[in-house]
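Keep in mind that the numbers below use all heavy atoms, side chains included, and drop hydrogens, waters and symmetry copies. Order of the sequence lines sets the chain letters (A, B, ...), proteins ahead of strands, with each chain counted from 1.
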Amino acid sequence: MKYDPKTFENKWKEKWLNDKLYKANFEDTKSDKFYSLYSYPYPSGAGLHVGHSEGMVANDIMARYWRMKGRNVIYPMGWDSFGLPAENYAIKTGVPPQKTTDDAVVTFKEQINNLGISIDWDTEVGAHWPEYYKWTQWIFVQLFKKGLAYKKKASVNWCPKDQTVLANEQVINGKCERCDTEVVQKDLEQWFFKITDYADRLDKDLDKVDWPDSTKATQRNWIGKKTGINIDYKIENTNKILTCFTTRPDTNFGVTFIAVAPDSQFVKDNIQIFPNKEESQKYIDETSKKTELERLQEGKKKTGAFTGLYAINNLNNKKIPVYLSDFVLANFGTGALVGVPGHDLRDFQFAKTMGIEIIRVVKGADGDESEITEESQVQEEQGAMINSDFLNGMNIHEATKKIMDYIEEKGWGKKVVNFRIRDWLVSRQRYWGCPIPIVYDPEGNPHAVEESDLPILLPTDVDFRPTGESPIARSEEYKKRAEEKYGKGWHYEADTMDTFVDSSWYFFRHIDANDSEKAFDSAKADYWLPTDLYMIGAEHIVLHLLYSRFFTKFFFDEGIVNFNEPFYKMRHMGIISGPDGRKMSKRWGNVINPNDEIAKYSADTVRMYEMFMGPLADPKPWNDRSENGVFRFLNKVWDLSNKISSTEGGGTPRLPSGMDDPKLLDQLRLVHKLIQKISEDTEILSFNTAIAKYMEFINAISAFEKIDKTVWETFLKVLAPYAPFITEELWGKLGNGYSIHTQKWPEFDPELIKDEVITMAVQINGKVRGTIQINPEAEERDAMDKAKADEKINKYITSDVRKVIYIKGKILNIII
RNA sequence: GCCGGAGUGGUGAAAUGGUAUACACGGCGGACUUAAAAUCCGCUCCCCGUUAAGGGGGUGAGGGUUCGAGUCCCUCCUCUGGUACCA
C-alpha cells in the first residue's frame, strides 16, 4: 500500500483532540515542566500563514520531544483578537468585529489542528473574550492604584487616517506603522503607564535571559540608558536656573551656546522674561506647526532663535548665549543642551548657521590642534583634551570622570541616568479594544471602576466610523449604563486600550485560563513560568517584549509572582519569502498557504519541509521542489515499513552482548547514533540538521534486506515529534498500542554509538595526503605504522620526521 | 551615522580549530516503461590530465595566529535587519 496521508491524518487529528492527548497536568507541580509558547496570533481573515506554521511547528517539536522525555508540558494557544483590521473591515462592510474575529478564530484553530500542533485547547484565551478582558481591566486598575496608570495632557502622535493616537514605538520615520500616513502632533488627554519607573530594571535584567544577542541589543537600544550629568546654569541678571543634561561634560570648556527646546517647560515658564520675547514667540509658533516628518527631513539644516538670555559657565565664568532650537527635544534629558560645536556634529551645524564661536577642546586625528572650520574636523569619540585648564592632556574618558566629580563637588550639578524610553501611551480612540475601566464623576475626576464591577463590557450599539473621538463615546447604552450605576453626569472613559496591553499578560492567563476568581493563580504561575521556549517573529522584539517584561516586574513587585522575567529562552523564526524570493504578498501572487500544501502533500511534509528549509532564525525562500524532497523521504519511510522482519525483532530490545547477527548489530548502531544526534539537534533547535540525519538513516537502513522490528520502532519514536501523523499510523500498523506520542523517548546505549574504525585523514606538513582506517582509541604508534604502510602516504615522507601531531580520533599530521 | 546579523557549489544549505561542500533540490547519464510520470542506480566545486592514474586551486578581499583556519584576531568590501537631531 502506498503512503496516502489522506487516509489517516484526519483520523488521528480527531482522535488526538477528542482524547485531549496533549493536556497539561495541572495537578503535578513537582516534575520538570516545559512551557512552549508561540506568540499568540492576530486572527486575520486570511488565515494562518507559513510564518505562523513555522514557529508553531518549532514549538510543537519541542513540546512533543519534552513530553516523551517525561516533562510536564504545556503548549497553549490564544488570540490577539482586538485591533484595527477587524474594525476597519467593519467600517467598510458593516460586519461587526466580533463576528469577523470569531469566524477567523474557527479557521485558525482548524488550520492549527490540521498541522498536528499539539495544543492543549483547554488553555485557550482570546483578548476579546469578556472573561479575558475583565482581567486586563483588573490589571489596569492595579496599575492605577499604584500610580502607574495616569492621565496627562500630552502632545501625542496622531494618525489622521486611522483617527487614533499612536505610541512612539508605532511611528516609523514620522509615519504610521500601519497605514504609512504622515503622523501629526496633537495635544490630548491620554492614559499612560509609567514604564519609565522600570527602565533600569528592564535594561539590567536582560542579563538573566537566553535570547538572541541582537534582540537584547535592540531592547537595550530602545531603553537607551545614558549616564551623564545635569549641570545647573545661572541665567544672568535673573534668579533663574537652566539645567542641561550632558554625557560629555569633559568638553565643557568648549561650550559656546545653550539650546533649549521651543516646547520645553523652561520656555513656557520664562518666555515673559526673554529679552527677545517676540522673536522667540515667532520661532515657537513656526516650529509648532511643523510635522514630525518635516522636522526629520530638515536633517542637517538647523534653525533657531536667540532668546536674549545669557547663562554663566561656572568653570570659566564665561557668558553663554541661550538659543531656542527645534533640534533639541523637549522630552529628552532636561529639554536643554550645552552646545559644544567643536565636538558634536549637530552643535557644529547649529553654530555654523547661527554664527556662533567654535572652540577646540579635544585634539583631532594625529594631534591636530588647528581651528575647527569644517564638519570633517569635528572630533567626537576619542582624543586628548586641550584648552581645558586642569583637564589638559587627559583622554576624554578620564576627563569625563574627573570633571563629573569636580562639578558635583562644587555643587554645580548632579550625576544622573537618563533613558530614551518614554511612558507607554495606552489610550486609543477606537472601538475594537479593551475598554478602560475608569469612570468620571460630573466634575471630570477619574475613578477606577470597582473590581467587583468588572468587566466593563464593550457596548454593541456603536457606529464604527472614526471621527477622532472614540466610537463608544457615542453609544447610548454606554452612557445610560454609567448613569444608572453611578448617577447623573457620570460617564465611562470612552477610549480603549492599546492592544499591546492585552498581549502583555496572555501567557499568564494560559496557565489558569478558566479561573473566574482571579487573573491567574500565583502558585501555578510560579510553577509554569517563565516560559521555556518562546517563538516570536522578529517584528515583535521591541514593544511586546518590553511591555510584557514591565507587567511581569509589576506583578513581582505586587507579590503576585516570584519571578521577574517572563520569557527565559526565546528564539525567532526567519521570514519566509515567496518562491520568487520576494516578500509573500497578494500583490505578487506568491503567497503560500499551509492548507494548500497539506492538500498537495501531507501535514507531515509541510511540517518537516518548513523545518528543513534552513536554520530556524534565517530568512529563507519557499521552494516547492525541495518540499517534494521531504515528501519523497516520507514515502520512503512508509515503504520501508514493509521490510520489517517480524521474526527477528519480536519487540524485545536487543543488547550487543550475545549478538550473533552482525547485520542486526549494524542496524542497532545506526539507530542508536540516530537517537543521540536527534536528541542533540532537537534540544538546540537545529531542526534542519536533525532532518538531514533522518534522511541519512533512511538511506543507510534501506541497504538492508530486512529491518529489525525493534530498530524500526525506535526510529518511529525518534521521528514522532517531527512527523506525528505518519509515525502514529505506522506505529499502530506494527501492532503497537496507541499512542506513539505518549511513549518514552528512547535512550541510546553508549557502547553502540562508538565506532570501531574510523577513516582518519593523514596530513604531511598540513596537507591531506591520504586516509587510514583506524580505531579512534588507537595510539600514535599504530597510526604512524598504518600511515607508513600506506604507499600513497608513505611516498610523501621523503625526509626525517621532525614532529608528529596526533589527536585520537581526529587527525594525524606528520611534519617533515 | 550608530547597533546587530550574514557572505561557502547552479539552488536551499552542512562542518566542537582537524579529509570543506553532509542532507536535499536541480542537472547529466542509465534501468524500468510503447511512452510519460513515479521509482531505482551512477555522476555532479573549479582547473590541468584522454574517460584514467595523478596533480593543483578553492569558503567576499588582504594580512596575522596555528602543525593545521570556513571557523580565532586585525584591516577592508558587499548584502541585510533594526534605529536615528537622544545632547
Side-chain angles (χ1 to χ4, degrees), chain A residues 2 172-173 212-222 224-226 228 244-249 251 258-259 261 295-296 298-302 325-329 331-340 343-347 349-350 380-381 418-422 538-539 541-542 572 574-575 581 609 612-615 617-630 632-633 635-636 639 686 688-699 702 758-772 792 802-807 809-816:
Chain A
K2 266 182 61 192
I172 309 295
N173 286 328
D213 286 343
S214 55
T215 306
K216 288 191 186 185
T218 307
Q219 288 259 308
R220 285 220 158 88
N221 211 2
W222 198 270
K225 184 175 178 171
K226 293 256 163 80
C244 297
F245 173 71
T246 179
T247 56
R248 291 292 306 280
T251 58
I258 283 177
R295 266 168 45 93
L296 284 172
E298 272 174 8
K300 290 177 181 176
K301 256 181 60 206
K302 299 283 185 287
S325 180
D326 67 351
F327 86 90
V328 186
L329 305 174
N331 57 7
F332 181 78
T334 60
L337 61 80
V338 277
V340 185
H343 306 287
D344 182 287
L345 218 47
R346 293 151 309 174
D347 294 354
Q349 290 154 357
F350 185 73
E380 291 186 315
E381 302 292 331
N418 260 316
F419 295 93
R420 195 181 95 104
I421 190 173
R422 297 277 154 268
E539 68 278 11
I541 61 175
V542 178
H572 309 303
I575 292 170
Y609 172 60
F612 187 57
M613 290 170 84
D618 286 9
K620 39 202 172 267
W622 192 272
N623 182 330
D624 193 66
R625 290 199 191 265
S626 287
E627 187 184 15
N628 194 41
V630 172
R632 273 185 210 158
F633 162 77
N635 271 286
K636 283 185 211 166
D639 292 341
S686 184
N688 56 328
T689 55
I691 291 169
K693 280 153 198 168
Y694 291 126
M695 289 171 170
E696 282 179 64
F697 173 82
I698 285 300
N699 290 344
S702 42
I758 56 157
T759 305
M760 180 182 283
V762 179
Q763 301 179 328
I764 309 294
N765 288 351
K767 245 186 178 0
V768 178
R769 291 301 181 183
T771 56
I772 50 174
K792 269 195 261 174
R802 284 224 323 256
K803 190 175 171 188
V804 175
I805 289 119
Y806 175 69
I807 312 220
K810 300 270 190 206
I811 197 88
L812 175 64
N813 189 2
I814 302 165
I815 311 301
I816 57 170

Distance, C1' atom - from B/rG60 to B/rC77, rounded to whole angstrom: 7 Å
Using the P atoms only, state how far B/rA14 lies from B/rG68, rounded to an integer number of Å. 28 Å
Run the side chain to side chain contact (heavy atoms under 4.5 Å, CB included) test against A/I807 and tell me which residues pass, sequence neighbours left out. A/I805, A/K810, A/I811
Scan A/R632 against the nucleic acid and name what it touches under 4.0 Å (heavy atoms): base, sugar-phosphate only, or nothing. sugar-phosphate
Checking N1-N3 plus N6-O4 or O6-N4 for Watson-Crick, or N1-O2 and O6-N3 for wobble, each under 3.5 Å, the partner of B/rG12 is B/rC23
Report the distance from atom CG of A/D624 to atom P of B/rA24, rounded to the nearest whole Å. 18 Å
Checking contacts here: which listed nucleotide (B/rA87, B/rG82, B/rG18) is nearest the side-chain heavy atoms of A/Q763? B/rG18
Reckon A/N628 has a side-chain N or O less than 4.0 Å from the OP1 or OP2 of B/rA24? no
B/rU83 P sits how many Å from A/K226 NZ, rounded? 16 Å
Which nucleotide in B/rA84, B/rC85, B/rC67 has an atom nearest any side-chain atom of A/D326: B/rC85
So does A/K693 reach the base of B/rC23 with its side chain, donor to acceptor, closer than 3.5 Å? no
Whole-Å P distance, B/rG12 and B/rC3: 30 Å
If the P atom of B/rU78 is compared with that of B/rC72, how far apart are they to the nearest Å? 22 Å
Roughly how far apart, to the nearest Å, are B/rG10 and B/rA22 at atom P? 14 Å
Those residues at least two apart in sequence (or on a different chain) that pass side chain to side chain contact (heavy atoms under 4.5 Å, CB included) with A/V768 are A/A761, A/Q763
Can you check whether A/R248 has a side-chain N or O nearer than 4.0 Å to OP1 or OP2 of B/rA87? no
Answer with base, sugar-phosphate or nothing: what part of the nucleic acid does A/K636 contact at a heavy-atom distance below 4.0 Å? sugar-phosphate
State which of B/rC25, B/rA20, B/rG18 makes the closest approach to the side chain of A/I807. B/rG18
Relative to the 5' end of RNA chain B, which residue comes earlier, A/I815 or A/D213, by the nucleotide with the nearest heavy atom? A/D213
Please classify the nucleic acid contact of A/T247 as base, sugar-phosphate, or nothing, using heavy-atom distances under 4.0 Å. sugar-phosphate
Are any protein N/O atoms closer than 3.5 Å to N/O atoms in nucleotides 8-15 of chain B? If there are, list each pair with its distance.
unit_1	atom_1	unit_2	atom_2	d
B/rG12	O2'	A/M613	O	2.6
B/rA14	OP1	A/N688	ND2	2.8

Mind checking the P distance from B/rG58 to B/rA13? Whole angstroms is fine. 25 Å
Nearest listed nucleotide, side chain of A/N813, among B/rC85, B/rU19, B/rG18: B/rG18
Can you tell me how far C1' in B/rU59 sits from the matching atom in B/rG70, rounded to whole Å? 5 Å
Under 3.5 Å on both distances, the Watson-Crick or G-U partner of B/rA37: none
Going by purine N1 to pyrimidine N3 plus the second Watson-Crick contact, or the G-U wobble pair, all under 3.5 Å, which nucleotide sits opposite B/rA69? none
What's the gap between B/rG56 and B/rU71 when it is taken at their C1' atoms, as a whole Å value? 24 Å
Partner lookup for B/rU59, please. Criteria are Watson-Crick or G-U wobble with both distances under 3.5 angstrom; report none if nothing qualifies. none
Under a 90° cut-off about 0 for the syn range, is B/rG9 syn or anti? syn
With a 3.5 Å limit on both atom pairs, tell me what B/rU78 is paired to, counting Watson-Crick and G-U wobble, or say none. B/rA6
Across all strands shown, which nucleotide pairs with B/rU83 by Watson-Crick or G-U wobble geometry, both distances under 3.5 Å? B/rG1
Of B/rC3, B/rC67, B/rA87, the nucleotide closest to the side chain of A/A217 is B/rC3
In whole angstrom, what separates A/M695's CE from B/rC23's C1'? 7 Å
Complementary nucleotide for B/rC32 - Watson-Crick or wobble, under 3.5 Å: none
Measure from NZ or CZ of A/K302 to the centre of the six-membered ring of A/F350 and say whether it is under 6.0 Å with the direction within 45° of the ring axis. no
